[in-house]
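Accompanying notes for the structure given below.
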Amino acid sequence: MTAPQVESGVVRTRFCPSPTGMVHVGLMRTALFNWAHARHTGGQMVFRIEDTDASRDSEESYRHLLDSLHWLGIDWDEGPEVGGPHGPYRQSERHDIYRDVAARLLESGHAYASFSTNEEVDARRLAAGQDPKLGYDNADRYLTDAQKAAFRDEGRSPVLRLRMPDEDLAWTDLVRGEVRFAAGSVPDFVLVRGNGVPLYPFVNPVDDALMGITDVLRGEDLLPSTPRQLALYRALTDIGVASGTPRFGHLPYVMGDGNKKLSKRDPQANFDVYPERGFLPEGLTNYLALLGWSIAEDRDVFSVAELIEAFDVTRVSANPARFDLKKAEAINATHLRALPVEEFIVRVIPYLAKAGLVSDPPTPEQLALLTAIAPLAQERMIVLSDAVGLLGFLFTADVEIEPAAAEKQLGAGAGEVLDAATAVLQALPEWTTAAIETALKEALVDGLGRKPRQAFGPVRVAVSGRTVSPPLYESIELLGRERTLARLAAARGAATG
RNA sequence: GCCCCCAUCGUCUAGCGGUCCAGGACGCCGCCCUUUCAAGGCGGUAGCACGGGUUCGAACCCCGUUGGGGGCACCA
């Protein structure tokens with residue numbers, strides 16, 4: 001294995017998740033920033049799967065990751081599905097590479113066999129009057145061949161540790177500026193387990209080196225492990241596996257409620273809820289990009305193209321960002337309203353179909369109805385699935401009145417209103433929005449002397465089952481006389497006044 | 001315990017020594033529009049953690065304090 005030939009000066013980022021469990025929004029934010037950085041600079045992004053932990057990794061989770069990336073619109077230049085010259089792109093298929101690199105590190109003296117058990121290390125620390133929390137004491141660096149042989153004869157199989165350099169380890173972080181760790185503050189760390197299985201802190205930089213990664217944008221949680229990686233890179237460069245050390249940028253945490261990292265238990269942490277609720281990919285991308293970055297002083301709504309055009313890692317904020325669902329929704333609603341209505345219809349159909357309201361594809365009648373109501377619905381929705389509640393009444397024979405809506409609008413005085421509405425609509429010669437509006441206003445506002453909000457509330461609930469609906473007269477026209485009258489009658493029966 | 005990161009309205013942020021009695025957005029409140037709810041328009045609420053420096057001048061630079069977060073595995 002030797003350092004790869006890659007075009008010099010071209011930025012190469014990477015996204016390298018472990019396929020374990022759910023897809024976390026923080027992870028997707030990391031993917032997005034790597035992608036935006038690559039696209040902005042005209043570089044490339046590599047997608048690699050870190051499936052070294054067979055007990056936790058699953059094929060299902062891997063597929064899920066792929067789906068999530070596709071949904072968000074993130075693509076990659078090398079990796080699963082697209083291949084590339086630096087594969088394989090799954091760590092589970094790269095064991096030979098790690099074995100080879102480990103052997104060369106050992107041979108070149110950058111790494112050494114270490115036999116100490118944790119208990120022995122602790123005992124030595126204690127004996128020296130030190131805190132065992134200091135960790136490994138680098139003692140095995142100085143083992144003689146005879147000592148090593150003795151340990152092997154005991155049946156011990158050593159781990160492989162990297163010899164840390166005796167000097168400060170510092171780098172200029174893309175988002176934080178210079179970060180420095182004092183010499184001696186990081187002990188020699190384990191590259192390969194006693195059983196021969198390589199560890200993440202080893203394989204990750206090896207893969208990055210072999211894949212020609214130039215810019216590593218990752219979570220802030222990995223910042224303390226950077227000195228070790230720096231040291232590893234030096235060693236890898238020395239033996240010809242790496243052609244230098246990449247730039248690092250540590251992205252701020254995405255926080256949940258309270259002062260904690262958005263945890264797996266936070267419902268908002270699960271990326272799946274966004275596609276399911278009908279966030280738009282462009283809406284969620286916009287919001288995710290705002291978690292630590294901003295496009296301009298007076299603007300926070302932008303397209304994916306504008307993100308790519310303007311994205312600059314060095315302007316990413318170093319402080320943690322709290323995930324604010326309300327703001328995410330507001331941003332999404334703006335994108336939703338900006339959609340051309342035909343596009344809005346196309347996107348909303350799967351949600352209506354999933355709820356059983358329309359077939360997929362919709363029948364011509366359903367499509368006509370949807371086309372008529374879409375412009376009126378679009379501006380009062382936040383996410384696409386809102387259409388189910390907002391428009392459901394138009395696509396069903398009967399409507400189920402929400403208890404809260406009945407409580408609010410079908411109490412005292414509602415009977416009178418429903419009777420009057422029924423009478424006037426029954427006799428209405430022409431079933432048009434304008435005629436319905438005139439008739440209802442005359443009957444309820446003028447005739448009964450009701451305030452508009454008291455007059456139309458019960459009618460709306462009767463017709464749509466909810467206190468929130470598309471504009472009333474249009475809704476009634478689209479519903480048709482028969483269903484409208486049936487619903488008024490049903491509501492009349494339920495009304496307490 | 002040790003190491004590291006962070007610190008501007010409730011929240012996300014702009015600000016990179018004077019143009020800031022700190023700008024935008026979400027939220028919240030009020031008004032307008034209005035057949036509900038929204039949307040839209042207008043207005044309002046609210047912040048530079050604290051203490052020392054440096055400087056003619058500090059939200060911006062330095063030091064300290066406090067507060068918050070993270071890391072110290074033969075997990076990733």
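Nucleotide B:A25 holds its P atom 13 Å from the CZ atom of A:R299, rounded to whole Å. Between A:Y136 atom OH and B:C2 atom P there is a gap of 24 Å when expressed in whole angstrom units. Rounding to whole angstrom units, CZ of residue A:F323 and P of B:C26 are separated by 16 Å.
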Kindly list each side-chain donor-acceptor pair under 3.5 angstrom involving residues 451-463 of chain A, sequence neighbours excluded, with atom names and distances?
{"from": "A:R460", "atom 1": "NH1", "to": "A:S469", "atom 2": "OG", "distance (Å)": "2.5"}
{"from": "A:R460", "atom 1": "NH1", "to": "A:P470", "atom 2": "O", "distance (Å)": "3.3"}

Quiz item: With the sugar-phosphate defined as primed atoms, P, OP1 and OP2, and the base as all remaining atoms, what B/S/- string results for nucleotides 60-67 of chain B, 5' to 3', for protein heavy atoms under 4.0 Å?
Solution: --------
Quiz prompt | Summary of protein contacts for nucleotides 30-41 of chain B, nucleotide by nucleotide, where a base hit scores B, a sugar-phosphate-only hit scores S (4.0 Å, heavy atoms) | solution = -----BBBBSS-
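Base pairing of B:U65 is made with B:A49, judged by Watson-Crick or G-U wobble geometry with both donor-acceptor distances under 3.5 Å. Taking a pair to require two hydrogen-bonding distances under 3.5 Å in either a Watson-Crick or a G-U wobble arrangement, B:U54 remains unpaired. Nucleotide B:C28 forms a Watson-Crick or G-U wobble pair with B:G44, both donor-acceptor distances falling under 3.5 Å. Nucleotide B:C37 forms a pair with no other nucleotide shown, judged by Watson-Crick or G-U wobble geometry with both contacts under 3.5 Å. Base pairing analysis places B:G1 opposite B:C72; the two distances defining the Watson-Crick or G-U wobble pair are each below 3.5 Å.
A:R492 and A:D419 are joined by a salt bridge, as a carboxylate oxygen and a charged side-chain nitrogen come within less than 4.0 angstrom of each other. In summary, A:R466 and A:E400 do not engage in a salt bridge, as defined by a charged side-chain N under 4.0 Å from a carboxylate O. In this structure, A:E343 does not pair ionically with A:R337, as no charged nitrogen and carboxylate oxygen lie closer than 4.0 Å. The pair A:R161-A:D140 fails the salt-bridge criterion, with no side-chain N (NZ, NE, NH1 or NH2) lying under 4.0 Å from an Asp/Glu carboxylate O. Salt bridge A:R90/A:E50: absent, no basic N to carboxylate O contact under 4.0 Å. Look at A:D208 and A:R48 and you find a salt bridge, because one of the NZ, NE, NH1 or NH2 atoms lies within 4.0 Å of a carboxylate O, short of that distance. Contact check on A:D188 versus A:R163 returns no salt bridge, with no Lys/Arg side-chain nitrogen under 4.0 Å from an Asp/Glu carboxylate oxygen.
Residue pairs that meet the ring pair (Phe, Tyr, Trp, His ring centres under 6.0 Å) test with at least one member in residues 311-330 of chain A, sequence neighbours left out, are A:F33-A:F311, A:Y274-A:F323, A:Y287-A:F323, A:W293-A:F311.
On the P atoms, B:A22 is 29 Å away from B:G68, given to the nearest whole Å. B:G40 and B:C48 are spaced 30 Å apart, taking the P atom of each and rounding to whole Å. Spacing between B:G52 and B:U45 at atom P, rounded to whole Å, works out to 30 Å. Atom C1' of B:A49 sits at a distance of 7 Å from the matching atom of B:A7, rounded to the whole Å.
Among the nucleotides B:G15, B:C4, B:C26, the one closest to the side chain of A:K326 is B:C26. When distances run from any side-chain atom of A:A318 to the nucleotides B:C4, B:C6, B:A14, the shortest one goes to B:C6. Ranking B:U13, B:G27, B:U11 by closeness to the A:A330 side chain, first place goes to B:G27. Of the candidate nucleotides B:U13, B:C5, B:G24, B:G24 has the atom nearest to the side chain of A:K327.
Within 6.0 Å of CD in A:E309 there are 12 or fewer heavy atoms belonging to other residues, nucleotides or ligands.
Every salt bridge (Lys or Arg N to Asp or Glu O under 4.0 Å) that A:E306 has, sequence neighbours left out, goes to A:R299.
The closest side-chain donor-acceptor pair between A:D312 and A:H40, if any, does not fall under 3.5 angstrom.
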List, with names and distances, any nitrogen or oxygen atoms from the protein found under 3.5 Å away from nitrogen or oxygen atoms belonging to nucleotides 71-76 of chain B.
{"from": "B:C74", "atom 1": "O2", "to": "A:G194", "atom 2": "N", "distance (Å)": "3.2"}
{"from": "B:C75", "atom 1": "OP1", "to": "A:R193", "atom 2": "NE", "distance (Å)": "3.4"}
{"from": "B:C75", "atom 1": "OP1", "to": "A:R193", "atom 2": "NH2", "distance (Å)": "3.1"}
{"from": "B:C75", "atom 1": "OP2", "to": "A:R193", "atom 2": "NE", "distance (Å)": "2.5"}
{"from": "B:C75", "atom 1": "OP2", "to": "A:R193", "atom 2": "NH2", "distance (Å)": "2.7"}
{"from": "B:C75", "atom 1": "O2'", "to": "A:D53", "atom 2": "OD2", "distance (Å)": "3.4"}
{"from": "B:A76", "atom 1": "OP2", "to": "A:Y200", "atom 2": "N", "distance (Å)": "3.2"}
{"from": "B:A76", "atom 1": "O3'", "to": "A:S18", "atom 2": "OG", "distance (Å)": "2.9"}
{"from": "B:A76", "atom 1": "O2'", "to": "A:S18", "atom 2": "OG", "distance (Å)": "2.7"}

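Under 4.0 angstrom from either OP1 or OP2 of B:C12 there lies no side-chain N or O belonging to A:N319.
Taking 4.5 Å as the limit, every side-chain heavy atom of A:F115 sits out of range of all side-chain heavy atoms of A:Q147.
Mapping A:L223 and A:P252 onto RNA chain B by nearest heavy atom places A:L223 at the nucleotide closer to the 5' end.
At the heavy-atom level, A:R180 lies under 4.0 Å from the strands shown only through sugar-phosphate atoms. Within the 4.0 angstrom heavy-atom criterion, no nucleotide atom of any strand lies near A:R125.
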